[in-house]
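Keep in mind that what you see is a predicted model, and the values were worked out from it rather than measured. Just so we're on the same page: letters track the sequence lines, and every chain starts at 1.
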Protein chains: 2
Amino acid sequence: VTETTHQRVSDLGESGLIDRILERIGPGQVEVVAGGDDTAFVPLDASSVLFTTDALVEGVDFDFAYCMAPDVGWKAVAVNASDIAAMCGKPLWATVSLGLTPATPVATIDGIVEGMVEASARWDIGLVGGDITTASELSLSVAMIGSLVGDAPVLRRGARVGDALLVTGSLGGAAAGLRLLQHREAAIERAEDHPSGRAAGSGDVAHGLMKRQLRPEARVEEAAVLAAFGPSSMIDLSDGLAMDLRRLMGASATGCLVEPSALPLDPGLDPLFEYEPGGGLELAMVGGEDFELLFTLEQGAVAAATHAVEECGTACTRIGTVVEGECSVGDKPLSAWEGLGWDHLRSR
Amino acid sequence: VTETTHQRVSDLGESGLIDRILERIGPGQVEVVAGGDDTAFVPLDASSVLFTTDALVEGVDFDFAYCMAPDVGWKAVAVNASDIAAMCGKPLWATVSLGLTPATPVATIDGIVEGMVEASARWDIGLVGGDITTASELSLSVAMIGSLVGDAPVLRRGARVGDALLVTGSLGGAAAGLRLLQHREAAIERAEDHPSGRAAGSGDVAHGLMKRQLRPEARVEEAAVLAAFGPSSMIDLSDGLAMDLRRLMGASATGCLVEPSALPLDPGLDPLFEYEPGGGLELAMVGGEDFELLFTLEQGAVAAATHAVEECGTACTRIGTVVEGECSVGDKPLSAWEGLGWDHLRSR
């Protein structure tokens, strides 16, 4: 409602925008040179480091038709934190490269920064640098460094035949949330003719699912706790259980036997799919963006590790066993879901 | 001339493209997990780290009308290496976030990767991770980490009254090269009517200037050598001497007196500007992208530091003195060039 609401980034210019962003991020810790110099200088007492990058692009990875600017900022940090967690690492520092159109409202940038600051506070990550460039669409490319919690990173390769296969939290919620958000928009459009359409996508259950999509949690505490139990392999679920399970087992050159009834489907899926039996399983298998940890562990460590993760307030479920040969989910081969995952470059 | 020439990234899909890129980058060093896991794991024996990011966007930072794909890959690495060098740091590891349109030719990606690999080899940087997303234009966002050469980073703030002001290499060449490249295109278009127009932009001098624009050198060795002499402040020249001098002196809360006749203009500017006296100075002041180091040093260390940089095969020139108060270039205040630098967000 202030003048800011109508400002475009072209009104501020690059240095004005950078000053504004730095103000919102707040002062850095002592010893940290962050923002306003050529590169950030951060403490990091280690003999090795985890280093990752992941970008979000408007219209591909998010859409302002159904999300707010702070959601986008949060998610850009969360997806990188999740990648660090998936190595049994602790995220520490992040930079962001912003692609902006000159017409981008300043209020949008403020919102994105607000969400990045919130997510950074959530996992105690320092935002220490960035870059702004003009582009024809809005994008955020975050890079993040982290340290190991244990003595060695937990890789995708490393699962051994006989290990238990486990997953944190629940599955399918983020993809269901996306459907609701997209559907709600459609419902709101239809509501111009039929006011009762506004009811679509309301209620606590729907809200919980939409939150899984808009404000994903990175399993940082859970990864730190798991390090003590020495998982033999681990990955975060960004592209759906089917594709990420294939990656994990493929890297380990093993197969697996997943018990479909053991899969911890998000309880919000039940009311959503009462008209479509099996729809929840489909979302868990190919929906993506749950950002849960999928990992393998010696059988003997399962009970204690499960208990430790539950102490974080997060479920931890054994969903199967590592075997020789192929991957299967119940009596279906994993390949039944092949090609259903998200490949944003492939022509459709 | 192979089938590849006509392939689009949409023909390969994301995993096919990643495999292709990893193949071209080659195997990582021992102990490094690079590509194919959730995040890179790299050795880094230090109590602190330098961390930066910088992006290039098609149509803003480069244009295939006048540059080749390997030039783009080279430059994306070089500009980040230059930011690390400007802190008296040594670049070590890089990730790249690629924004691609589905119609991007695979040959273009191959070329970009080739240029990134060349630049990484040039400065001994490990390419250890990345991310690919769909976008409506081609972009490369590189993030880089590095280590300090000395005991502390050299910041922008730190110049002291009485210090000498120095610059490595030569000025204005990159901007002149850009003009030649853009002009050459125009000349080639005109050449359809006037074949003699093809001569524009030819010759060794022109080639040297265009190379400054297309294949910038990051002053990594020079920064390492300078660390021993304890520069009081330093910045790399990305946006022209006027803007970067204002940043350096502004951060240090000092002024400076620059002797215009001392400025090491690129010798290629002379023939280019014989018809436009002072044009070379203008390019040096506001042209940008020279990626030379601008730094301040105690008077007593100037001779030895200059000699040490020259041992790297790079010129090193004292261009002025740090003073109290304002910045001036000869009898003109630095503000005379204000607003002429590059601000890609500001409306024109």
Side-chain angles (χ1 to χ4, degrees), chain A residues 9-10 12-15 17 33 36-57 60-61 83-84 86-87 89 93 95-97 99-100 102 128-137 139 141 143 145-146 153 155-156 235-236 251 343-347, chain B residues 9-10 12-15 17 33 36-57 60-61 83-84 86-87 89 93 95-97 99-100 102 128-137 139 141 143 145-146 153 155-156 235-236 251 343-347:
Chain A
V9 297
S10 57
L12 290 182
E14 188 172 4
S15 65
L17 189 62
V33 176
D37 227 294
D38 291 293
T39 169
F41 172 65
V42 295
L44 184 89
D45 214 344
S47 61
S48 59
V49 70
L50 298 166
F51 187 22
T52 193
T53 185
D54 215 343
L56 302 183
V57 177
V60 178
D61 302 293
D83 276 331
I84 299 270
M87 307 286 280
W93 308 104
T95 59
V96 60
S97 182
L100 304 177
V128 290
D131 167 55
I132 295 176
T133 186
T134 318
S136 62
E137 68 205 339
S139 68
S141 180
I145 57 182
L155 309 183
R156 293 181 183 181
I235 191 172
D236 69 321
D343 184 338
H344 45 233
L345 287 177
R346 184 76 65 179
S347 307
Chain B
V9 298
S10 57
L12 289 182
E14 188 173 5
S15 65
L17 189 62
V33 176
D37 226 294
D38 290 293
T39 169
F41 171 65
V42 295
L44 183 90
D45 213 342
S47 60
S48 58
V49 70
L50 298 166
F51 186 22
T52 193
T53 185
D54 215 343
L56 301 182
V57 177
V60 178
D61 301 293
D83 276 331
I84 299 270
M87 307 286 280
W93 308 104
T95 59
V96 60
S97 181
L100 304 177
V128 291
D131 167 55
I132 295 176
T133 185
T134 318
S136 62
E137 69 206 338
S139 68
S141 180
I145 57 182
L155 308 182
R156 294 182 184 181
I235 191 172
D236 68 321
D343 184 338
H344 44 234
L345 287 177
R346 184 75 66 178
S347 307

Item to check | Partner chain B: residue of S136(A), S141(A), A86(A), S139(A) with the largest heavy-atom pair count (under 4.5 Å) | outcome: S136(A)

Item to check | Atom pair OG1/CG of T133(A) and L100(A) - distance to nearest 0.5 Å | outcome: 8.5 Å

Checklist outcome for this item: Sorted by chain and residue number, the side-chain contact (heavy atoms from CB on, under 4.5 Å) partners of A135(B) (sequence neighbours excluded) come out as V57(A), E137(A)

Next on the checklist: I'd like to check the side-chain hydrogen bond (donor to acceptor under 3.5 Å, both in side chains) partners of D54(A); sequence neighbours left out, ordered by chain and number.
Outcome noted: none

Checklist entry - Roughly how far, to the nearest 0.5 Å, is the CD1 atom of I84(A) from the OG1 atom of T52(A)? => result 6.0 Å

Next on the checklist: Taking every non-hydrogen pair under 4.5 Å, which of G130(B), G146(B), S97(B) racks up the most with chain A?
Outcome noted: S97(B)

Checklist entry - Do you know which of V96(A), I235(A), T95(A) has the most heavy-atom pairs under 4.5 Å to chain B? => result T95(A)

